[in-house]
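Scroll down for the structure; my scribbles are underneath it.
What you see is a predicted model, and the numbers here were worked out from it, not measured in a lab. Proteins get letters first, then strands, A, B, ... in listed order; numbering begins at 1 in each.
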Amino acid sequence: MKHTVENAILGAVETLLKTKWEISELPRFEVEAPKNEAHGDLATNLAMLLARPLKRAPRRIAEEIVEEITGNSSDLFESVQIAGPGFINFRFSNAFWHENLYKILHKDRLYLRRNIGEGRRVQVEFVSANPTGPLHIGHGRGAAVGLALSNLLEAAGYKVEREFYINDAGRQVGLLGLSVYVRYQQVLGSKIELPENAYQGDYIGEAAEALIAEIGKKYLDVPFDKCGEDITDWSYRRMLAEIKTDLENFGIRFDSWKSEKSLYAANEVQNALDALKEKGYLYEHDRALWFKSSSFQDDDKDRVVVKQDGEYTYFASDIAYHKDKLDRGYDYIIDIWGADHHGYIARISAVLQAFGYDKDRFQVILVQIVSLLRKGLPVKMSKRSGEFITLREVVDEVGADITKFIFLTRRSDSHLDFDIETAKQQSSENPVFYVQYAHARINSIFRQAPAKGFSNVDRNNMQDIDVSRLTEPEELGLIRKLCTYPMIFEAAARAYEPHRITFYLQELAGLFHSYYRKHRILVEDDREQALARMTLARAVEIVLHEGLTILGVQAPEKM
RNA sequence: GCCCCCUUAGCUCAGUAGGAUAGAGCACAAGUUUCCUAAACUUGGUGUCGCAGGUUCGAUUCCUGCAGGGGGUACCA
């Protein structure tokens, strides 16, 4: 609908440029929905922007434009008015809205989706939790955002791949192995102390028990350097399997799982460093190897890639990993990180530039910390001490849909207090149910329809139904709202902000609930009106379903 | 010290590529069901948009400074 107004303006201005105006170029003007409904459906600031170059009062200019427009396309608009300092407000005619309603019904959903990706390949990497323990609520937020963003971009015409990066090569994984090893020995009666920095959660004990069940006393009193590798390997695979299960229960499936170890195995880390060295971006200092990060604008200091002791830093494998991603041919790579990693962005960006990649192809979405509360009191979260609530526990207690939806009712970079009790207590008045309920209600209407005398209505084929009877303010309001979805969708996709969809859906559901209470849809004694209203309801259902699906939340037919 | 993010209604938060009278949910109060799902609806009200400057026709939005909150600033992961 934005294009409609833009075209009307451009058409009018074209003749004015030829005849009355003594300028050659048009400034970039806006066409936006005014905050205040009384100001029409869309408004432009063009006349105000032209005031200076044309040296005339903005309202005078607006008058000229309006005169042209109303002469050209009077059937599209109910009114085109000048207001305030020189805004031009457009109000569409009912016929225009009715015409647009059909576009929503169209099977291919192209009207809703806008192809801005044009088939370009995007990789979204998210969660990527260390396989050293269960997922916690913060991972859950990253997971929800990653899922929704992937879906959003996919709907916007990108070819999306979801990846989980497994940190299976570092010291932390070794520490996990050691922790399980020690607990294994302890359970079997060997007197051995758990090192202070080891993991201590219950899940370590559970892993030890499972290990005993699997291999018995095979490694009892065997020194760690003899069996550590086996146990470490076994332990992180077990943790990874748990993580995978948790994510699946949360409704998330990855297209690929990339192992850090595999990068080392293929010698990619060393190869990447060699390549950097060849380009002159590595140097030795204090017997360590450094990357010249500071020669790129974003980073303020150089970074170590190989330590004094000859070990690679975590950064070294990240260099190889991010290089590998772009080498794999993605047009864009998006990383979703906890906000505490934001200092890391600059050096990765520097690395990619060092390899000659455009830095715009790498994007990081920061997800702020989640504070987990119970009845307003903070729940302590420390992986070391093992005192924390896992994502699994939260999902079991609260539900996957509610949890995801709550994460998506905020911008990802703002802090979030997640109160388990509140999420549960409000479950009957929870925003996610509010939206789902609207969807279920519409489905219920269509289930009822045959019994009320509307037996041969095909939900997928309603384009021929006459909707000109939809003239109630609530009906036109709903259509108007439906027609803004493409704009919301496009803005959300361009900004990588799925939460905009969440807010839109709540508003749309609100309008529908209100309409539903006020007007009967299956009007028994007026078939034409009933059919028109069913068509409207169907359009609402389509958009709700579309939006919920993008968020990764169920759109139930019954509740 | 330096860098990044946040500060909007009692609470939790939307909203800014500068625009007209700044929004929602929760909480609180009162009402709505012979009728397609009451997980719903209707009505009721509050703001120094953290503070102070600047830029301009116009600033919650952009710039600078300050304050408060959070995070980062490892040859940790």
Discussion item. Side chain of A:Met559, heavy atoms from C-beta onward: which of B:C13, B:A39, B:C36 has the nearest atom to it?
Written reply: B:A39
Item to complete: In whole angstrom, give the distance that lies between atom CZ of A:Phe407 and atom P of B:A14.
Response: 14 Å
Fill in: Aromatic ring pairing A:His322/A:Phe362, orientation class (parallel under 30°, perpendicular over 60°, tilted between)
perpendicular
Distances under 3.5 Å between protein N/O atoms and the N/O atoms of nucleotides 28-35 of chain B, please, pair by pair.
| unit_1 | atom_1 | unit_2 | atom_2 | d |
| --- | --- | --- | --- | --- |
| B:C35 | O2' | A:Arg520 | NH1 | 2.2 |

Item to complete: Rounded off to whole Å, could you give me the NZ-to-C1' distance for the A:Lys424 and B:C26 pair?
Response: 18 Å
Worksheet item: What do the steps show when you test A:Lys325 against A:Glu163 for salt bridge (Lys or Arg N to Asp or Glu O under 4.0 Å), and what is the final call?
Response: CA-CA 10 Å; A:Lys325 290 200 211 193; A:Glu163 180 155 292; 5.3 Å; no
Check nucleotides 18-22 of chain B against the protein and report each pair of N or O atoms closer than 3.5 Å, with its distance, or say if there are none.
| unit_1 | atom_1 | unit_2 | atom_2 | d |
| --- | --- | --- | --- | --- |
| B:A20 | OP2 | A:Lys35 | NZ | 3.4 |
| B:A20 | N6 | A:Asn89 | OD1 | 2.8 |
| B:A20 | N1 | A:Asn89 | OD1 | 3.3 |
| B:A20 | N1 | A:Asn89 | ND2 | 3.2 |
| B:U21 | N3 | A:Asn36 | ND2 | 3.4 |

Practice prompt. Sequence neighbours left out, what passes ring pair (Phe, Tyr, Trp, His ring centres under 6.0 Å) with A:Phe405? Give chain and number order.
Written response: none
Item to complete: Would you check if there is a donor-acceptor pair between the side chains of A:Asp302 and A:Ser294 at a distance under 3.5 Å?
Response: yes
Worksheet entry | Least distance between heavy atoms, A:Ala148 atom then A:Pro498 atom | CB-CB, 3.7 Å
Discussion item. Does B:G15 have its OP1 or OP2 closer than 4.0 Å to a side-chain nitrogen or oxygen of A:Arg411?
Written reply: yes
Item to complete: Could you work out the separation of B:A52 and B:U60 based on their P atoms and round it to a whole Å?
Response: 12 Å
Discussion item. When the C1' atoms of B:A29 and B:G65 are compared, how many Å lie between them, rounded to an integer?
Written reply: 45 Å
Worksheet item: Can you find a side chain N or O atom of A:His499 that sits less than 4.0 Å from OP1 or OP2 on B:G15?
Response: yes
Worksheet item: Any side-chain heavy atom of A:Tyr199 within less than 4.5 Å of one from A:Leu175?
Response: yes
Practice prompt. Verify the contact: side-chain N or O of A:Tyr434 to OP1 or OP2 of B:C41, cut-off strictly under 4.0 Å; return yes or no.
Written response: yes
Worksheet entry | Parallel, tilted or perpendicular: ring planes of A:Tyr344 versus A:Trp337, cut at 30 and 60 degrees | perpendicular
Worksheet item: Is A:Arg527 positioned over the aromatic face of A:Phe454, cation under 6.0 angstrom from the ring centre and no more than 45 degrees off axis?
Response: no
Discussion item. Nearest whole Å is fine: how far is B:C36 C1' from A:Gln448 CD?
Written reply: 6 Å
Fill in: Bracket string, RNA chain B, 5' to 3' - pairs by Watson-Crick or G-U geometry under 3.5 Å, | interstrand
(((((((..((((.....[...)))).(((((.......))))).....(((((..]....))))))))))))....
Item to complete: Between B:C28 and B:G10, how far apart are the C1' atoms? Round to whole Å, please.
Response: 10 Å
Worksheet item: For A:Ser444, which contact category applies under a 4.0 Å heavy-atom criterion: base, sugar-phosphate, or nothing?
Response: base
Worksheet item: More than 12 foreign heavy atoms under 6.0 Å from CD of A:Glu472: is that the case here?
Response: yes
Fill in: Pairwise C1' distance for B:G70 and B:G23, with rounding to whole Å
26 Å
Worksheet item: Is the shortest side-chain N/O distance from A:Ser514 to OP1 or OP2 of B:U42 below 4.0 Å?
Response: yes
Worksheet item: Do the two ring centres, one from A:Tyr504 and one from A:Phe489, sit under 6.0 Å apart?
Response: no
Show each protein N/O and nucleotides 73-77 of chain B N/O combination with a separation under 3.5 Å, one pair to a line.
| unit_1 | atom_1 | unit_2 | atom_2 | d |
| --- | --- | --- | --- | --- |
| B:A74 | OP2 | A:Lys301 | NZ | 2.5 |
| B:C75 | O2 | A:Gln308 | N | 2.7 |
| B:C75 | N4 | A:Asp286 | O | 3.3 |
| B:C76 | OP2 | A:Lys307 | NZ | 3.1 |
| B:A77 | O2' | A:Asn130 | ND2 | 3.1 |

Worksheet item: Between A:Ile406 (CD1) and B:A14 (C1'), how many Å, whole number?
Response: 16 Å
Discussion item. Set out, in order, the CA-CA distance, both residues' side-chain angles and the distance that settles salt bridge (Lys or Arg N to Asp or Glu O under 4.0 Å) for A:Lys258 and A:Glu125, then state yes or no.
Written reply: CA-CA 10 Å; A:Lys258 182 77 180 180; A:Glu125 181 222 322; over 6 Å; no
Worksheet item: For A:Leu522 and A:Phe29, take the nucleotide of RNA chain B holding the closest heavy atom to each; which residue's nucleotide lies nearer the 5' end?
Response: A:Phe29
Worksheet item: With rounding to whole Å, what would you report as the distance between B:C3 and B:A40 at their P atoms?
Response: 48 Å
Discussion item. Checking A:Arg469 against A:Asp526 for the salt bridge (Lys or Arg N to Asp or Glu O under 4.0 Å) test, could you report, in this order, the C-alpha distance in whole Å, the side-chain angles of both residues, the deciding distance, and whether it holds?
Written reply: CA-CA 11 Å; A:Arg469 292 281 301 279; A:Asp526 189 341; 2.6 Å; yes
Practice prompt. Report yes if a donor N or O on one partner sits less than 3.5 Å from an acceptor N or O on the other, where the partners are the side chain of A:His342 and the base of B:G71; otherwise report no.
Written response: yes
Item to complete: Quick one: label A:Thr409 by what it contacts on the DNA or RNA (base, sugar-phosphate, nothing), any heavy atom closer than 4.0 Å.
Response: sugar-phosphate
Worksheet item: For A:His499, what residues pass the side-chain hydrogen bond (donor to acceptor under 3.5 Å, both in side chains) criterion, not counting sequence neighbours?
Response: none
Worksheet item: Using the ring of each side chain (for Trp, its six-membered ring), is A:Phe418 parallel, tilted or perpendicular to A:Phe407, with breaks at 30° and 60°?
Response: tilted
Discussion item. Please give the distance between the P atoms of B:U55 and B:G68 as a whole number of Å.
Written reply: 28 Å
Worksheet item: Between A:Gln506 and A:Val432, is any pair of side-chain heavy atoms under 4.5 Å apart?
Response: no
Item to complete: Could you work out the separation of B:C63 and B:U46 based on their C1' atoms and round it to a whole Å?
Response: 32 Å
Item to complete: Rounded to the nearest angstrom, tell me the gap between atom CD in A:Glu507 and atom P in B:C41.
Response: 14 Å
Worksheet item: CZ of A:Phe405 versus C1' of B:A39: gap in Å, rounded?
Response: 14 Å
Item to complete: Round to a whole Å and report the spacing from CD of A:Gln368 to C1' of B:G69.
Response: 11 Å
Worksheet item: Over how many whole Å does the gap from A:Ile501 atom CD1 to B:G15 atom C1' extend?
Response: 16 Å
Worksheet entry | Interatomic distance at P, B:U33 relative to B:C62, whole Å | 49 Å
Item to complete: Among B:A14, B:A39, B:A38, find the nucleotide with the atom closest to the side chain of A:Phe503.
Response: B:A14
Discussion item. Just by distance, no angles: are the side chains of A:Ser444 and A:Gln448 close enough, under 3.5 Å, to form a donor-acceptor pair?
Written reply: no
Worksheet item: What pair of heavy atoms forms the shortest contact from A:Ala169 to A:Glu260, and how long is it?
Response: N-OE1, 3.4 Å
Worksheet item: Checking all strands, does A:His439 fall into the base, sugar-phosphate, or nothing category for heavy-atom contacts under 4.0 angstrom?
Response: nothing
Worksheet, complete the sentence: With the side chain defined as heavy atoms from C-beta on, A:Arg410 is closest, among B:A39, B:U12, B:A38, to B:U12
Worksheet item: Using a cut-off of 4.0 Å on non-hydrogen atoms, how would the nucleic acid contact of A:Ala440 be classed: base, sugar-phosphate, or nothing?
Response: base
